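Both backbone and side-chain heavy atoms feed into the values below; hydrogens, waters and symmetry mates do not. All of these numbers come straight from a predicted model, not from anything done at the bench. We count residues from 1, following the sequence as given.
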Amino acid sequence: PPPAQATLNVRGLGTFTPHMDALLSEHPANVYVLTETKLGYKDLMGSPDNRETLRAYCVLRSVAADRAKAGVMMLIRKTLFPLDSLDNTTNKLPGSLQGHYLRARARTILGHEIQLIGVYCPNPTDAEATQTRAAVLAQLAKDAEVKATIACSDFNAAMYPSDRPNDRDA
């Protein structure tokens, strides 16, 4: 059976979009979370091939004010939930989480509530990134109180400076 969800750090949809069609057809999943998209929904829909493939998915996004720094996109297979039950609640989150946190709630066919969360945490390289990371983790802890939660994420969990590619000499 196909995996329930997949997370991909695409490091910019501009370079990833041509590969989207192959990904969706060769590695089917019910939920994809794309992190560090750096672009919006229109950029994903640019290719005619992608438009056809994406018809099977509901596309949600969270775009940062500085789109070059972040971005989270979620593709949810339309057969997974009744579409009228899907509610993108990202806009109810603080502005500092935009582009780093995407949250949607839905009801299954049997009426059970489920929450889907997509997260992109920046590397804690400066004070702003450290604050964003703390805000993302605090929101995730708060949202985890909902019993049925699926979270897909890119936490950039470098624990030590030597774990980062630019800090190999540390």
Side-chain angles (χ1 to χ4, degrees), residues 1-13 16-17 20-21 23-25 27-45 50-67 69-122 129-157:
Q5 68 270 344
T7 304
L8 295 161
N9 182 321
V10 297
R11 298 192 179 171
L13 280 176
F16 182 72
T17 299
M20 179 66 73
D21 197 42
L23 171 75
L24 296 177
S25 59
H27 304 285
N30 291 320
V31 178
Y32 289 97
V33 173
L34 308 179
T35 63
E36 212 174 338
T37 58
K38 301 181 183 180
L39 300 171
Y41 178 71
K42 286 183 180 180
D43 301 301
L44 179 63
M45 295 299 287
N50 290 338
R51 243 177 272 141
E52 184 61 36
T53 306
L54 286 172
R55 287 189 184 168
Y57 293 89
C58 179
V59 180
L60 306 176
R61 64 190 170 125
S62 176
V63 178
D66 181 357
R67 294 186 345 176
K69 287 189 174 181
V72 179
M73 188 172 287
M74 192 178 296
L75 310 176
I76 303 168
R77 191 174 296 278
K78 289 180 179 178
T79 56
L80 195 58
F81 304 109
L83 288 182
D84 61 348
S85 80
L86 191 60
D87 180 22
N88 182 355
T89 61
T90 302
N91 61 352
K92 297 173 185 168
L93 296 171
S96 63
L97 292 176
Q98 300 304 317
H100 297 279
Y101 203 93
L102 188 138
R103 180 180 65 197
R105 293 193 173 135
R107 293 210 171 275
T108 65
I109 294 170
L110 298 175
H112 303 288
E113 184 176 319
I114 190 165
Q115 179 172 244
L116 302 161
I117 297 173
V119 173
Y120 170 70
C121 271
T130 301
Q131 287 175 343
T132 299
R133 186 179 191 82
V136 165
L137 295 175
Q139 186 66 46
L140 186 59
K142 182 179 174 185
D143 284 342
E145 294 174 9
V146 173
K147 288 185 177 154
T149 298
I150 296 173
C152 300
S153 59
D154 175 359
F155 284 108
N156 279 311

Nearest non-hydrogen partners of [X] and [Y], listed with the distance:
X: Cys58; Y: Leu86; answer: SG-CD2, 3.4 Å
X: Leu97; Y: Ser62; answer: O-OG, 4.1 Å
X: Ile76; Y: Leu80; answer: CG2-CD2, 4.1 Å
X: Leu60; Y: Ala104; answer: CD1-CB, 3.6 Å

> Would Val119 and Val72 count as a side chain to side chain contact (heavy atoms under 4.5 Å, CB included) if you check the C-alpha gap in whole Å, the side-chain angles of each, and the deciding distance to 0.1 Å?
Replying inline: CA-CA 7 Å; Val119 173; Val72 179; over 6 Å; no
> Listed by chain and number, what are the side-chain hydrogen bond (donor to acceptor under 3.5 Å, both in side chains) partners of Asp87, not counting sequence neighbours?
Replying inline: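 Not a single residue meets the side-chain hydrogen bond (donor to acceptor under 3.5 Å, both in side chains) criterion with Asp87.
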>> Which residues pass the side-chain hydrogen bond (donor to acceptor under 3.5 Å, both in side chains) test with Asp143, not counting sequence neighbours?
In response: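 Per chain and number, Asp143 pairs via side-chain hydrogen bond (donor to acceptor under 3.5 Å, both in side chains) with Tyr101, Arg103, Gln139.
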Using 0.5 Å steps for rounding, measure from the [atom1] atom of [X] to the [atom2] atom of [Y].
X: Ile117; Y: Arg105; atom1: CD1; atom2: CZ; value: 8.0 Å
X: Leu34; Y: Leu8; atom1: CG; atom2: CG; value: 6.0 Å
X: Leu116; Y: Leu102; atom1: CG; atom2: CG; value: 9.0 Å
X: Leu75; Y: Asn30; atom1: CG; atom2: CG; value: 12.0 Å
X: His100; Y: Leu140; atom1: NE2; atom2: CG; value: 14.5 Å

> For Tyr120 and Val136, what are the C-alpha separation, side-chain angles and deciding distance, and is it a side chain to side chain contact (heavy atoms under 4.5 Å, CB included)?
Replying inline: CA-CA 8 Å; Tyr120 170 70; Val136 165; over 6 Å; no
>> What verdict does the side chain to side chain contact (heavy atoms under 4.5 Å, CB included) test give for Met74 and Val31, after you've listed the backbone C-alpha separation in whole Å, the side-chain angles of each residue and the deciding distance to 0.1 Å?
In response: CA-CA 7 Å; Met74 192 178 296; Val31 178; 3.9 Å; yes
> Can you check side chain to side chain contact (heavy atoms under 4.5 Å, CB included) on Tyr32 and Leu24, steps first, answer last?
Replying inline: CA-CA 9 Å; Tyr32 289 97; Leu24 296 177; 3.2 Å; yes
>> Quick check against the 3.5 Å criterion: does Arg77 have a side-chain atom that pairs as donor or acceptor with the backbone of Ala29?
In response: yes
